[in-house]
Amino acid sequence: MNQMSKKTIISKIIGKKHHLFSYPFFHLPSRLLVFQIHYDVATCNLFLQSYANHKNLTKGKQLHSLMVTSGFIHLPSSITSLINMYSKCNQMEEAVLVFHDPYRERNVFAYNAIIAGFVANGLAADGFQFYKRMRSVGVMPDKFTFPCVVRACCEFMEIRKIHGCLFKMGLELNVFVGSALVNTYLKVDGMEDAEKVFEELPERDVVLWNAMINGYIKIGHLNKAVAVFKKMGEEGISLSRFTTTSILSVFTSMGDINNGRAIHGIVTKMGYSSCVAVSNALIDMYGKCKHNKDALLIFEMINEKDLFSWNSIISAHEQCGDHDGTLRLFGKMLASRVLPDVITITVVLPACSHLAALMHGREIHGYMIVNGLGKNENSDDVLLNNAVMDMYAKCGCMKNAGIIFDLMRNKDVASWNIMIMGYAMHGYGTEALDMFHRMCEAQIKPNVVTFVGVLSACSHAGFVHQGRSFLTRMELEFGVIPTIEHYTCIIDMLGRAGQLGEAYDLAQRIPLQDNLILWMALLGACRLHGNAELGNVVGEKIRQLEPKNCGSGSYILMSSLYGVVGRYEEALEVRRTMKEQNVKKTPGCSWIELKNGLYVFSMGDRTHHELNALINCLCGFQYFHDEVMHSF
DNA sequence: TTAGGGTTAG
């Protein structure tokens with residue numbers, strides 16, 4: 001046998017030191033025997049450490065059994081390694097069993113390991129109990145104990161008490177303890193104390209600087225976060241990948257694409273591009289700054305895309321209003337077998353709402369139900385439920401929207417608004433107003449959006465008298481000052497009801513009358529009732545407001561209005577003007593989801609073989625082969 | 001034998 005150490009030989013047998021776990025454990029003793037080495041406690045601990053880091057519980061348990069039969073189990077180092085292995089495999093019950101074995105000594109290592117295990121598993125209170133027990137049985141904590149104990153504190157007074165204890169023991173200047181102190185003070189809103197700890201520490205490493213940056217981000221002081229980042233550079237602290245993700249989130253929030261790009265450069269230079277979290281932060285930055293092409297480039301370069309990568313690229317598309325892109329990427333995400341979470345669903349559902357893609361919305365809702373997404377023990381995720389309800393409402397499925405609404409344990413004002421708007425949008429005026437009255441009975445204070453829904457319901461259902469009454473009551477009774485959207489609803493309502501003169505008077509009287517939608521609503525009413533004289537006046541007003549060559553809506557309405565009243569020459573003249581000024585009309589289309597796909601209907605298109613059977617009107621339709629829609 | 005950190009929505 002040569003002079004190599006046991007550790008070196010093990011490493012040679014297995015390969016690279018970080019791949020210890022990849023070597024089948026059951027081969028280990030025999031292979032060691034080939035090298036004439038008998039495994040010992042140190043070897044077992046080495047393997048336990050590796051299994052812990054790779055969360056390989058099966059092999060960890062096998063080794064545990066072997067250690068029991070080999071008699072290694074009573075040694076303090078074995079206990080610590082076993083507790084660590086079970087903790088990292090999220091098996092705290094097993095870790096506690098090892099800790100409590102009556103034949104074993106519980107020294108500071110064992111206590112440190114069990115406290116760390118509880119804290120890492122999100123069971124801070126249990127970790128804190130073990131710290132108390134440690135003190136009561138007279139085991140002295142050390143510099144390894146406190147970073148975890150400090151993390152276990154969840155109240156300001158608790159952390160102050162521990163801080164005092166650290167001071168007495170002379171451990172408050174340790175950089176690990178300091179980082180934990182800074183983070184915990186930040187958690188309990190003690191930014192001033194965190195700053196004090198930071199200032200007083202003699203040694204400040206990159207983790208500590210990062211903690212300060214994150215602290216300022218948490219309290220919304222983004223400029224201070226940038227200042228800390230700059231100071232890091234001045235003091236020659238080398239940035240870690242954690243620094244880059246944090247500072248990227250700052251520039252993302254600021255919408256600062258230039259500095260974001262500068263960080264991208266640093267990331268590339270430092271070789272952090274291969275880190276998926278860094279790439280995810282870059283995707284988010286480019287997406288929020290409306291640079292989707294760059295976001296996609298980064299996304300495509302990631303080898304192992306995680307949930308964050310998918311959520312970031314999907315939300316980048318949705319934020320740009322690319323609802324098709326959102327659904328296409330969502331389909332690809334499912335095909336990649338990455339499971340969506342609450343965030344994915346919250347981003348994707350509005351895309352279904354915008355496209356009125358009921359079938360996909362339903363599938364997503366089904367996925368939520370099966371996987372219990374959005375449901376908690378005591379309270380549901382209101383925003384997620386609102387998104388589902390909104391999807392059903394916008395897709396015209398008010399029955400399902402109503403079922404979800406009735407089942408929701410927690411409702412907010414938006415939940416009520418979605419129902420009112422949904423009923424209003426689909427012409428159920430009475431139901432919308434009933435919902436409003438139920439809302440008032442439930443003591444929910446209506447807001448600006450509520451009255452857009454209420455007035456819109458009155459407009460679509462022809463409740464002119466009630467609409468007028470609501471316009472007065474909303475301010476006097478509910479303290480909601482009418483905005484241009486509310487006045488537009490009223491003008492639309494009066495116009496639909498044929499009260500064009502009154503609608504025009506109101507349009508002229510209200511503040512902020514330079515609103516295109518408002519006048520377009522009135523022009524629509526002129527067309528509906530064939531009033532070409534008022535239509536001319538309104539059309540002129542719109543042409544003044546509408547930038548040249550921008551939008552075709554008013555031209556189309558004017559041309560249609562002249563057609564309705566039989567003034568065909570003038571109708572043709574409007575069309576000629578449109579041609580001269582190169583104003584183009586985007587062809588309108590509708591679509592319907594059937595069992596085998598999405599069908600798009602557009603004017604004049606008669607290409608589908610089942611045209612007559614499917615739809616008895618002048619519109620044609622074409623089968624819409626969209627890989628997105630079929631990839632679910 | 002044991003310790004401190006980052007990114008996605010509304």
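Remember, predicted model here, so these are calculated numbers, not experimental data.
- Atom pair A/R151:CZ and B/dT2:P shows a separation of 16 Å (rounding to whole Å applied).
- B/dA3 has its base stacked against the ring of A/F176, the centroids being under 5.5 angstrom apart at an interplanar angle below 30°.
- At a cut-off of 3.5 angstrom, the base of B/dG10 holds no donor-acceptor pair with the side chain of A/N386.
- Closest approach to the A/P147 side chain among B/dG4, B/dG5, B/dT8 is made by B/dG4 (side chain taken as heavy atoms from C-beta onward).
- Considering only side-chain atoms of A/S77, the nucleotide from B/dA9, B/dT7, B/dT1 that sits closest is B/dT1.
- Taking atom CE on A/M232 and atom C1' on B/dG5, their separation rounds to 11 Å, with Å as the unit.
- When each of B/dG6, B/dA3, B/dG4 is scored by its nearest atom to the side-chain atoms of A/K88, the top-ranked nucleotide is B/dA3.
- When every heavy atom of A/D306 is checked against every heavy atom of A/V276, the shortest pair comes out as OD2-CG1, 3.8 Å.
- Listed nucleotides B/dT7, B/dT1, B/dG4 differ in distance to A/D205; the shortest reach to its side chain belongs to B/dG4.
- The base of B/dG6 sits with one of its N or O atoms less than 3.5 Å from a complementary donor or acceptor on the side chain of A/T245.
- Rounded to the nearest 0.5 Å, atoms SG (A/C89) and NZ (A/K61) are 9.5 Å apart.
- The closest side-chain heavy-atom distance from A/L334 to A/P340 is below 4.5 Å.
- Using a 4.0 Å cut-off, some side-chain N or O of A/Q319 falls inside it from OP1 or OP2 of B/dA9.
- A donor-acceptor contact under 3.5 Å is formed by the side chain of A/D381 with the base of B/dG10.
- Nearest to the side chain of A/D142, among B/dA3, B/dG6, B/dT2, sits B/dT2.
- A/F130 and A/H100 have tilted rings, their planes meeting at an angle from 30° to 60° on a 0 to 90° scale.
- Not a single donor-acceptor pair, N or O on each side, falls under 3.5 Å between the base of B/dG6 and the side chain of A/T244.
- By the stacking rule of 5.5 Å between ring centres and under 30° between planes, A/F109 does not stack on the base of B/dT2.
- With rounding to the nearest 0.5 angstrom, the CE atom of A/M421 is 9.0 Å from the CG atom of A/D390.
- A sub-4.0 Å separation between OP1 or OP2 of B/dA9 and a side-chain N or O of A/K288 is present.
- Closest approach to the A/N174 side chain among B/dG5, B/dA3, B/dT1 is made by B/dA3 (side chain taken as heavy atoms from C-beta onward).
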